[in-house]
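Just below is one structure, and these are the notes that go with it.
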Amino acid sequence: MKPALFSVLCEIKEKTGLSIRGAQEEDPPDPQLMRLDNMLLAEGVSGPEKGGGSAAAAAAAAASGGSSDNSIEHSDYRAKLTQIRQIYHTELEKYEQACNEFTTHVMNLLREQSRTRPISPKEIERMVGIIHRKFSSIQMQLKQSTCEAVMILRSRFLDARRKRRNFSKQATEILNEYFYSHLSNPYPSEEAKEELAKKCSITVSQVSNWFGNKRIRYKKNIGKFQEEANLYAAKTAVTAAHAVAAAVQNNQTNSPTTPNSGGYPPSCYQSDGRLQ
DNA sequence: CAGAATGATTCTTC
DNA sequence: GAAGAATCATTCTG
C-alpha cells in the first residue's frame with residue numbers, strides 16, 4: 001500500500017467522518033503492480049534511500065566520479081539511476097498531491113451539495129474509490145515507464161560483456177598459480193574459490209568463470225600453455241622450497257627451470273585428451 | 001587496424 | 001546444479 005496515499009485518505013476520513021473501507025478494495029494485489037513494485041525496490045528506485053535524503057544520493061553520484069577504482073564505469077550508471085529515482089519520486093509526489101487536492105476538492109463539492117440534497121456515505125465512498133483508482137492507474141503507468149527506463153539503463157551499462165575489464169596482473173598470477181599447482185584436479189572447492197576470490201578482489205562466480213575458461217582453453221591447446229605451465233610450476237616449486245632452499249643453497253647447482261620437472265604435460269588428461 | 005586474448009553468457013549434457 | 005562447449009563482446013597487442 002502506498003503510505004502517502006493512505007495518509008491522504010485518512011485525512012479525508014478525519015475531515016468527513018466517512019469510512020475508508022472502500023479505498024482498500026485493491027486488496028487482491030495486482031500481480032503486475034507487485035512485480036513493478038518489487039523491481040523498483042530491488043533496483044533501489046523506490047524504497048528507503050541509502051544514506052537517506054536526495055542530497056546523499058547526489059553526493060554519492062558526485063563522489064563515485066572521484067573514486068579511483070573500478071567504480072568509474074559505474075559512476076555514469078549511478079548518476080543516471082539517481083536521475084531516474086529523482087524523477088520517479090517527484091512525479092509520484094506530484095500525483096499524490098494532485099490526488100489529494102482533487103479528492104479534497106470533490107469532498108468540498110459534495111459537502112456543499114449535502115446542504116441542498118442528501119448525500120449518502122455510500123456515494124462519497126464511491127467517489128473516493130473512483131478517484132483513487134484513477135490515480136492508481138496513473139501511478140502504474142509511472143512505475144511501468146520507470147521500470148523500462150531502468151531496464152534499458154541496465155542493459156546499456158551493466159552488461160558485463162560490454163564493460164569487461166581484464167583482471168589485474170596480480171589476480172591472474174594468483175589464479176594461474178592455483179591452476180597449475182592443481183593441474184591434476186583443477187577444480188577448486190567452494191572454500192578455495194572464496195579464498196581465491198578474496199585474494200584477487202573478484203567475485204566467486206568470476207573465479208568459477210575463470211577456471212571454466214582456463215580448463216577448456218588449456219585442454220584445447222595444451223601446447224600453447226606449456227610455457228606458462230612450466231613457468232608457474234617453477235614458481236610454485238620455488239616458493240614452496242624457499243625456506244628449505246635458503247638452508248641448502250650451496251648445492252643448488254642443477255637445472256633451475258625444472259624443480260618440479262616431468263609433471264608436464266600433466267597426468268590429468270586421459271589418452272583421448274579429456275579431463276579425468 | 002587485424003587478430004589474439006580474455007571475461008562473460010548461453011546452451012547442452014550429464 | 002556444475003562442467004563443457006560454443007559464442008559473444010570487449011580489450012590488448014604487434
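Lettering follows sequence order; numbering is per chain, from 1.
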Can you tell me how far P of C:dA6 sits from CZ of A:Arg215, to the nearest Å?
-> 15 Å
With A:Lys214, which residues qualify under salt bridge (Lys or Arg N to Asp or Glu O under 4.0 Å), at least two apart?
-> A:Glu228
Is it the case that one hydrophobic cluster holds both A:Leu231 and A:Ile174, taking links as side-chain heavy atoms less than 4.5 Å apart, direct or via other members?
-> yes
Got a salt bridge between A:Glu123 and A:Arg117, using NZ or NE/NH1/NH2 to carboxylate O under 4.0 Å?
-> yes
For the rings on A:Phe211 and A:Tyr178, is their centre-to-centre separation under 6.0 Å?
-> yes
Side-chain N or O of A:Gln206 less than 4.0 angstrom from OP1 or OP2 on B:dG7?
-> no
Candidate nucleotides C:dG4, C:dA3, C:dA6, ranked by approach to the side chain of A:Asn213 - the nearest = C:dA6
In whole angstrom, give the distance that lies between atom CZ of A:Phe179 and atom P of C:dA3.
-> 13 Å
Rounded to the nearest angstrom, tell me the gap between atom OH in A:Tyr218 and atom C1' in C:dG4.
-> 17 Å
Residue whose closest nucleotide on DNA chain C lies nearer the 5' end, A:Lys220 versus A:Glu190 | A:Glu190
Residue-phosphate contact under 4.0 Å: A:Asn209 side-chain N/O, B:dA8 OP1/OP2 | yes
Calculate the interatomic distance between A:Ile216 atom CD1 and B:dG7 atom P; express it in whole Å.
-> 16 Å
Can the ring centroids of A:Tyr232 and A:Phe179 be said to lie less than 6.0 angstrom from one another?
-> no
All N/O pairs under 3.5 Å across the protein-nucleotides 3-6 of chain B interface:
residue : atom : partner  : partner atom : Å
B:dA5   : OP2  : A:Lys224 : NZ           : 3.4
B:dT6   : O2   : A:Arg164 : NE           : 3.1
B:dT6   : O2   : A:Arg164 : NH1          : 3.4
B:dT6   : O2   : A:Arg164 : NH2          : 2.9

Gap between atoms CZ and C1', on A:Phe211 and C:dG1 respectively (whole Å) = 19 Å
Would you call A:Lys94 and A:Glu91 a salt bridge, taking side-chain N to carboxylate O under 4.0 Å as the test?
-> yes
